[in-house]
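Right, one structure below, let's go through it.
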Amino acid sequence: MTDHTGQATEGHGGQEGWRDSVSEATATDLENLLGTGVSAAQEQLQRNGGFLPFALTVQNDGEVRLVAVSPSDAAAGTDGDFDADAMIHDLQALLRQNRDDFRAAAVVCDILLVEEDSDAIHVAAEHRDGSLFAAVLPYAANATTQSWEFGELGADSSEPAIWVD
């Protein structure tokens, strides 16, 4: 799990302004990646109690594809079984190498919102035209119902990672 010290905004804050600043096709691609990423992560949480970082792409023909890499062992002295940061780095490198094959991509990972002391699903979506959109969805286990409870989806900041040189 990656630590995230930035604070998520409440609700869909910033989404309307963001959507107005990009083309309809770009907005559709990024929102598709966001929705698919959140849904896939929620499904993995409910099925397995956690999830490894993964990526999604919108191919040039519009097809959405899942991209995954094998986990690396965690560095000695850490409490994890795998190195999530290394997996994210590997996913970004793989996406950069193959970016001519798709028009948009998103990296989905599990983060810790330090200021809120909450786990969250983080989706950072990026379009070939330079548009970015990221969101976080806080979650927690409910021991009573033995299920997951999800908070409000909020906009987050993101830096370009795929269409950079």
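Everything numeric in this text was worked out from a predicted model, so none of it was measured. Computed over heavy atoms, backbone and side chain alike; hydrogens, waters and symmetry mates excluded.
Applying the 6.0 Å contact sphere to CG of D61 captures more than 12 heavy atoms from other residues, nucleotides or ligands. Other residues, nucleotides and ligands contribute at most 12 non-hydrogen atoms within 6.0 Å of the CD atom of Q146.
Checking T26 against S23 by side-chain atom types alone, a donor-acceptor pair falls below 3.5 Å. Side-chain atoms of D156 and H122 include a donor-acceptor pair closer than 3.5 Å. Counting only N and O atoms by type, the side chains of N32 and T36 include a donor and acceptor under 3.5 Å apart.
No side-chain heavy atom of D110 sits under 4.5 Å from any side-chain heavy atom of P53. Using a 4.5 Å heavy-atom cutoff, the side chains of I111 and D119 are not in contact. Counting heavy atoms from C-beta on, the side chains of V22 and L30 never come closer than 4.5 Å. When side chains are defined from C-beta on, P160 counts as touching L132, because their heavy atoms get closer than 4.5 Å. Between L56 and R65, the closest side-chain pair of non-hydrogen atoms is not below 4.5 Å.
In this structure, the separation between CG on L33 and OG1 on T57 is 7.5 Å, given to the nearest 0.5 Å. Between the CG atom of L113 and the CG atom of L137 there is a distance of 10.0 Å, given to the nearest 0.5 Å. With rounding to the nearest 0.5 angstrom, the CG atom of L91 is 9.5 Å from the CZ atom of F54. The line from CD of Q44 to CD1 of I121 is 10.5 Å long, rounded to the nearest 0.5 Å.
Contact record, L52 with M87: CB-CE, 3.9 Å, taken as the closest heavy-atom pair. Taking each heavy atom of S157 and A134 in turn, the nearest pair found is O-CB, 3.8 Å. Closest approach of A120 and V136 over heavy atoms only: CB-CB, 4.4 Å.
Looking at Q59, its side chain does come within 3.5 Å of a backbone N or O of D101 through a donor-acceptor pair. E126 places a side-chain N or O within donor-acceptor distance of the main-chain N or O of W163, the cut-off being under 3.5 Å. Side-chain atoms of S39 come within 3.5 Å of backbone N or O of G35 as a donor-acceptor pair.
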* Verdict with reasoning, Q46 to W148, per side chain to side chain contact (heavy atoms under 4.5 Å, CB included) -> CA-CA 7 Å; Q46 291 168 347; W148 296 99; 3.7 Å; yes
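For the side-chain contact (heavy atoms from CB on, under 4.5 Å) with N98, the qualifying choice from L95, D100, L94 is L94, the only one to do so.
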Please tabulate, one pair per line, all N/O donor-acceptor pairs under 3.5 Å involving side-chain atoms of residues 102-109, not counting sequence neighbours.
from : atom 1 : to  : atom 2 : distance (Å)
R103 : NE     : D29 : OD1    : 3.4
R103 : NE     : D29 : OD2    : 2.8
R103 : NH1    : N60 : O      : 3.2
R103 : NH2    : D29 : OD1    : 3.2

